[in-house]
Protein chains: 2
Amino acid sequence: MRNKYVMIYQEMVQKIEKETFKANEFLPSENELAEQYQTSRETIRKALNLLAQNGYIQKIRGKGSTVIERNKFDFPVSGLVSFKELADKMGERPITTVHQCAKISANDFIQHQLKLKNNQEVWEIIRTRSFSEQRVILDKDYLIANTVQHISRDIAETSIYDYLENQLGLIISFAKKEIIVEEPTEEDRALLDLEGFYNVVVIKNYVYLDDATLFQYTESRHRPDKFRFVDFARREH
Amino acid sequence: MRNKYVMIYQEMVQKIEKETFKANEFLPSENELAEQYQTSRETIRKALNLLAQNGYIQKIRGKGSTVIERNKFDFPVSGLVSFKELADKMGERPITTVHQCAKISANDFIQHQLKLKNNQEVWEIIRTRSFSEQRVILDKDYLIANTVQHISRDIAETSIYDYLENQLGLIISFAKKEIIVEEPTEEDRALLDLEGFYNVVVIKNYVYLDDATLFQYTESRHRPDKFRFVDFARREH
DNA sequence: GAGTGGTCTAGACCACTTG
DNA sequence: AAGTGGTCTAGACCACTCG
C-alpha cells in the first residue's frame with residue numbers, strides 16, 4: 001500500500017504466478033508499463049529490477065524482459081531457502097519441541113559468536129523439529145537479552161520471528177550464514193534420531209538488526225537426509 | 001571505465017577495504033557524495049545500493065550509511081561462496097585433474113537436467129580437485145554442444161568460465177543451486193579420497209545465459225570435511 | 001529545524017536488436 | 001529507422017533522526 005514500485009512489483013508477481021504473463025514470453029515494454037500504471041519509467045524500472053533480482057524475469061537489452069520459467073516446487077523464490085522453509089511451503093508443518101528456554105549468562109563460545117563483553121546475558125532456546133515422528137533438526141538460538149527482554153516457552157513453540165518483528169517491532173535487516181558438515185555431538189545424538197547417520201549439517205546464522213547491530217546467533221543442525229538448500233543467484237559482472 | 005555508478009561503487013569498495021572508510025563509521029551523506037563525484041544523487045544512490053546489496057554498508061533512515069564490520073576471511077563478499085572459491089581467495093590453489101573431456105550424446109538424466117530433446121550432444125567434463133594431495137572435490141560438468149562448440153583438455157584444466165566468458169563471449173546471467181547430502185556413489189569412491197567418510201555434499205548448479213537459456217548443468221561433489229559455504233543475505237520486507 | 005535517506009518525476013542520450 | 005532496455009540528470013516532496 002505504500003510504495004508505488006513495490007505495489008507494481010507485487011501486482012506483476014501475481015500476474016506471473018497466475019500466468020497472465022507466461023514463461024518465456026515478453027512483458028510489455030517499460031514505456032508501455034509506465035503508461036499503463038500512469039507513472040514514470042524509472043519507477044517501472046525499480047519494479048522490474050525487483051522482479052529480476054528475485055528470479056522472475058530476465059531483462060534482455062534491445063529486446064525486452066522475458067518471464068523466467070520456474071519450477072514452483074523446486075525454486076520457491078529468491079535467495080537461500082532451507083529445508084524447514086521448503087517444508088513449510090509444501091504444507092508439511094514440523095512438530096516443535098522446546099527443550100530449553102531461559103535467560104543465561106553467555107559462555108565463552110557464545111560471547112565470541114555474538115561479540116559480547118563478559119557476563120552479558122542471552123536467551124538460550126533449544127528446540128527440535130520433527131517430521132513424521134522423526135526428530136531431524138536441532139535449533140539452538142541465542143538472543144542478546146538487552147534487545148529481547150523476554151521470550152516465553154509458548155513463543156519458542158510457535159514463531160520467535162513473528163514475535164520479534166510483530167510484537168517487539170524489531171526490524172531484521174541482514175544475516176550472514178555459514179554451512180558446514182560436522183560429526184554429531186553427544187547433544188545431537190541425545191536430541192535427534194541419528195541412528196545410522198555419521199554427520200550433521202550445521203547452518204550457523206548471524207542475524208543483524210536494521211541499525212547493523214548483531215543480536216542473534218543460531219545453529220540449525222540437520223540430519224543429512226533432511227537437509228536441502230536451494231538458491232537463486234545472479235552473477236556479478 | 002563504463003558506468004559512473006559502477007565506478008563510484010568500486011572506488012568506495014576500495015576505500016572500505018583500505019579502511020579509508022572504517023567499520024561502524026558513517027559514510028559522507030548522499031548529497032556530499034553527489035557533490036564530491038560531481039554527479040546526481042540518484043547515481044550516488046545506485047552505487048550505495050550496490051554496496052548495501054553486497055554487504056558493505058547498512059543504510060539507516062534519517063542517520064546515514066554505516067560501514068558493516070566484515071570478517072575479511074570468513075565473509076569474503078556477497079552471495080553464496082563455495083569452498084573452492086574460498087580456497088582460491090586464500091591463495092590455496094587446488095590441483096585439477098581432468099578425467100574426462102568429450103562430446104557425448106546426452107543420457108536420460110542429463111537430458112532431463114538440461115531439458116534437452118533426444119540425442120542432443122553435450123560436453124561432459126569430469127574433474128577432481130586436490131588440496132594437500134587429497135582428492136576432495138569431484139566436478140561433473142555438462143554443457144550444451146550447440147552453445148559451446150569445443151572444449152579442450154587444457155581449458156578444462158585451467159578455467160572453463162574464463163574460456164566461456166572471455167574467449168567465446170558468452171554472458172552468464174544467473175544460476176539456480178541446490179545443496180543436498182548423499183551417500184557416495186562408486187564413482188565418488190573411485191575418484192575421491194573418501195576413506196572413513198560416509199557422505200558427500202552435492203551442489204547441483206543450473207546455469208543460464210543472458211537470454212535466459214539453460215546451457216550448463218554441474219554437480220560439484222565434496223568430501224564433507226572440505227565443504228563450506230558462506231552467504232550474505234538481506235531480509236525481504 | 002536542519003540533515004538524512006526513500007520515493008518519484010519528466011526528460012535526455014546511449015547501446016542494442018530487429019525489420 | 002523504430003523500439004527496447006541502460007544510464008544519468010536536476011529537482012521535488014516525504015518520513016525519519018537528532019539536537
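The shown structure was predicted, so the numbers you read here are calculated from the model rather than taken from an experiment. In the text below, chain A, chain B and the rest are named by the order of the sequence lines, each starting its count at 1.
Between Ser29(B) and dT4(C), a side-chain N or O to OP1/OP2 separation shorter than 4.0 Å is present. Side-chain nitrogen and oxygen atoms of Thr43(A) include at least one within less than 4.0 Å of the OP1 or OP2 phosphate oxygen of dT9(C). At least one side-chain nitrogen or oxygen of Thr39(A) sits closer than 4.0 Å to the OP1 or OP2 atom of dT9(C). Within the structure, every side-chain polar atom (N or O) of Tyr5(B) is placed at least 4.0 Å from both OP1 and OP2 of dC8(D). Note on Lys59(A): a side-chain N or O is less than 4.0 Å away from OP1 or OP2 of dG6(D).
For Lys46(B) and dT9(D), the NZ to C1' distance is 10 Å, given to the nearest whole Å. For Phe26(A) and dT4(D), the CZ to C1' distance is 10 Å, given to the nearest whole Å. Atom CG of Leu33(A) and atom C1' of dC8(C) are 17 Å apart (whole Å). In this structure, Ile44(B) atom CD1 and dA10(D) atom C1' are separated by 14 Å, rounded to whole Å. In this structure, CG of Asn31(B) is placed 19 Å from P of dC16(D), rounded to the nearest angstrom. The CG atom of Leu48(A) sits 13 Å away from the P atom of dT4(D) (whole-angstrom rounding). Atom CG in Leu27(B) sits about 19 Å away from atom P in dG3(C), given to the nearest Å. Rounded to a whole Å, the CD atom of Gln38(A) is 9 Å from the P atom of dA10(C).
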Practice task
Heavy atoms under 4.0 Å is the rule here; annotate nucleotides 13-19 of chain C 5' to 3' with B where the base is hit, S where only the sugar-phosphate is, and - elsewhere.
Solution key: ---BSS-
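Arg127(A) places a side-chain N or O within 3.5 Å of a backbone atom of Ala156(A) that can act as its donor or acceptor partner. Put simply, the side chain of Trp123(B) never gets that close to the backbone of Asp141(B): no donor and acceptor are under 3.5 Å apart. Distance alone, capped at 3.5 Å, places no donor-acceptor pair between the Asn3(B) side chain and the Val6(B) backbone.
Applying the ring pair (Phe, Tyr, Trp, His ring centres under 6.0 Å) test to Tyr208(B) and every residue at least two apart in sequence or in another chain returns Phe174(B).
Here the nucleotide nearest the side chain of Glu30(A), chosen from dG5(D), dT9(D), dT4(D), is dG5(D). Minimum atom distance to the side chain of Arg45(B) is reached by dG5(C), of the listed dG5(D), dG5(C), dA10(D).
Using a 3.5 Å distance cut-off with no hydrogens or angles, the side chains of Tyr9(A) and Glu11(A) do not pair a donor with an acceptor. Using modelled atom types, one finds no donor on one side chain facing an acceptor on the other under 3.5 Å when comparing Asn31(A) with Ser29(A).
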Exercise for the section: Take Arg129(A) and Asp139(A), measure what salt bridge (Lys or Arg N to Asp or Glu O under 4.0 Å) needs, and give me the verdict at the end. Expected result: CA-CA 8 Å; Arg129(A) 319 283 190 176; Asp139(A) 282 340; 2.9 Å; yes
